[in-house]
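Below: the structure, in structure tokens.
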Amino acid sequence: MKLPLYQIDAFTSRMFRGNPAAVVLLDAWLPDATLRAIAAENNLAETAFVVVRGDVMPLRWFTPTVEVDLCGHATLAAAHVLLRYNFPSATHVSFSTRSGNLVVTRDGEFLSMDFPSRPGTPVELTPTLVSALGVRPRVAYAARDLLAIFDSESQILNFLPDFQRIAALDTFALIVSAPGDTADYVYRFFAPRQGIPEDPATGSANCTLVPYWAARLGRAELVAQQLSARGGDLRCTLRGDRVLIAGCTAEYLRGEIEVEL
């Protein structure tokens, strides 16, 4: 069986930046063990698998080790592929996922994702938490991810993660964030428990970041930068209980996987 495979750099307009994601198009679901093996072989932060059928297409995301319930950059990558090759005249594509139905819309040079808002609740800055971070944040919030807020962009740039201690925290992932020098806010994202020590450009993190920064800055439209080595640029909007997360994409490769079942 030959499966179409694409690799897309998400949240960037230039190749070799942003977050690379693999996209595999399917006619029907393969066994989960095969999906996991393909994701592990791709060895990227995420592989998106899409069953191309109907108006609302099933979409699943796998890291090299686990399936996840929500992924932004791989959703952006999947939309890039479908809107370029499968539905070039369409204005949007819709997916059914473990996090509900998700819509991605063309917005000029951007693709805009409609994701659920996941505001965090305040958590105590315990000695265990501060020790895991290595530095005391201003405040911390818990949603799917743990969000730690700092005072300056330089603190985010200079943050030194201890992956073993971060992996021991009772959270899916850790986000560290602060006001940006040129963006409204900056952040980094660490998910060592999920096989992703540091993610280059993370869309789903903004489901928690945007409610926090919209409330703190008093406006719904925000510009964000992820300060990884590859970097990521995002435009975000809080819209009630939804978050619009927009970014550009750059295509790196097209190919085929030969799978024996």
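Note: hydrogens, waters and symmetry copies are ignored here, and every other heavy atom, side chains too, is used.
Under the 4.5 Å side-chain criterion, counting only non-hydrogen atoms from C-beta, R60 is in contact with D32. Inter-residue side-chain proximity for N19 and R230 is flagged as unmet; no heavy-atom pair is nearer than 4.5 Å. At least one side-chain heavy atom of F172 sits less than 4.5 Å from a side-chain heavy atom of V68. Within the 4.5 Å cutoff, the side chain of R118 has heavy atoms near those of the S99 side chain. P58 has its side chain within reach of S96: a pair of non-hydrogen atoms, C-beta onward, lies under 4.5 Å apart. You'll find the side chain of F49 stays beyond 4.5 Å of the side chain of T34, heavy atoms only. Within the 4.5 Å cutoff, the side chain of E41 has no heavy atoms near those of the I257 side chain. Using a 4.5 Å heavy-atom cutoff, the side chains of L147 and Y187 are not in contact.
In this structure, V123 is a member of the same hydrophobic cluster as L125, with clusters built from ILVMFWY side-chain heavy atoms closer than 4.5 Å. Connection of V243 to L209 is established within a shared hydrophobic cluster, with ILVMFWY side chains joined at heavy-atom distances below 4.5 Å, either directly or through further cluster members. Under a hydrophobic-cluster definition in which Ile, Leu, Val, Met, Phe, Trp and Tyr are linked whenever side-chain heavy atoms come within less than 4.5 Å, directly or via other members, M57 and L70 are assigned to the same cluster. L5 is not connected to L76 by any chain of hydrophobic side-chain contacts under 4.5 Å among Ile, Leu, Val, Met, Phe, Trp and Tyr, and they are in different clusters. Cluster membership check: L217 does not share its hydrophobic cluster with L244, using side-chain heavy-atom separations under 4.5 Å among Ile, Leu, Val, Met, Phe, Trp and Tyr.
Looking at T65, its side chain does come within 3.5 Å of a backbone N or O of Q194 through a donor-acceptor pair. Between the side chain of Q225 and the main chain of A183, no donor-acceptor pair closer than 3.5 Å is present. Between the R165 side chain and the S131 main chain, a donor and an acceptor come within less than 3.5 Å of each other. At least one donor-acceptor pair under 3.5 Å links the side chain of D184 to the backbone N or O of V223.
Contact detail for G240 and L238: the closest heavy-atom pair is O-CD1, 3.7 Å. Of all heavy-atom pairs spanning M113 and G72, the tightest one is SD-O, 3.2 Å. Among all heavy-atom pairs drawn from L83 and R106, the shortest one is O-NH2, 2.8 Å. Closest non-hydrogen pair, A191 versus A173, comes out as CB-CB, 3.7 Å. Scanning both residues, I166 and P161, for their nearest heavy atoms gives CD1-CB, 3.7 Å. Nearest heavy-atom pair across S177 and Y185 is OG-CD1, 4.0 Å.
Expressed to the nearest 0.5 Å, how far OH of Y212 lies from OG of S117 amounts to 14.5 Å. Distance check: F95 CZ to L102 CG gives 8.5 Å after rounding to the nearest 0.5 Å. With rounding to the nearest 0.5 angstrom, the CG atom of D145 is 9.0 Å from the SG atom of C207. Note that the CD1 atom of I245 and the CG atom of L222 stand 11.5 Å from one another [nearest 0.5 Å]. Atom CG of N43 sits about 10.0 Å away from atom OG1 of T63, to the nearest 0.5 Å. For the atom pair CG of L227 and CG of L157, the computed distance is 4.5 Å after rounding to the nearest 0.5 Å.
For the 3.5 Å distance criterion, the side chains of R144 and T208 fail to qualify, holding no donor opposite an acceptor. Between the side chains of T97 and W61, not a single donor N or O lies within less than 3.5 Å of an accepting N or O. Between T126 and T128, the side chains place no donor N or O within less than 3.5 Å of an acceptor N or O (distance only, hydrogens not considered). A donor-acceptor contact under 3.5 angstrom links the side chains of T202 and Q226, judged on distance only. A side-chain N or O of E251 and one of H80 form a donor-acceptor pair less than 3.5 Å apart.
Aromatic ring centres of Y85 and Y6 lie closer together than 6.0 Å. Note: F159 and F190 meet the aromatic proximity criterion, with ring centroids under 6.0 Å apart.
Here R17 does not pair with D9 in a salt bridge; the nearest charged N to carboxylate O distance is not below 4.0 Å.
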Worked check of side-chain contact (heavy atoms from CB on, under 4.5 Å) between F189 and I196 | CA-CA 9 Å; F189 183 92; I196 308 169; 5.7 Å; no
side-chain contact (heavy atoms from CB on, under 4.5 Å) assessment of V93 paired with F87 | CA-CA 8 Å; V93 288; F87 310 104; 4.3 Å; yes
Please test F62 against I38 for side-chain contact (heavy atoms from CB on, under 4.5 Å), starting from the C-alpha separation and ending with a verdict.
-> CA-CA 9 Å; F62 286 78; I38 291 172; over 6 Å; no
Please report the C-alpha distance between D114 and T105 in whole Å, then the side-chain angles of each, then the deciding distance to 0.1 Å, and finally whether the side-chain contact (heavy atoms from CB on, under 4.5 Å) criterion is met.
-> CA-CA 8 Å; D114 185 341; T105 303; over 6 Å; no
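Atom CZ of R239 has 12 or fewer heavy atoms from other residues, nucleotides or ligands within 6.0 Å. For E256, the CD atom is densely surrounded, since the number of other residues' heavy atoms within 6.0 Å is greater than 12. Residue-environment remark: CE (M15) exceeds the threshold of 12 foreign heavy atoms within 6.0 Å.
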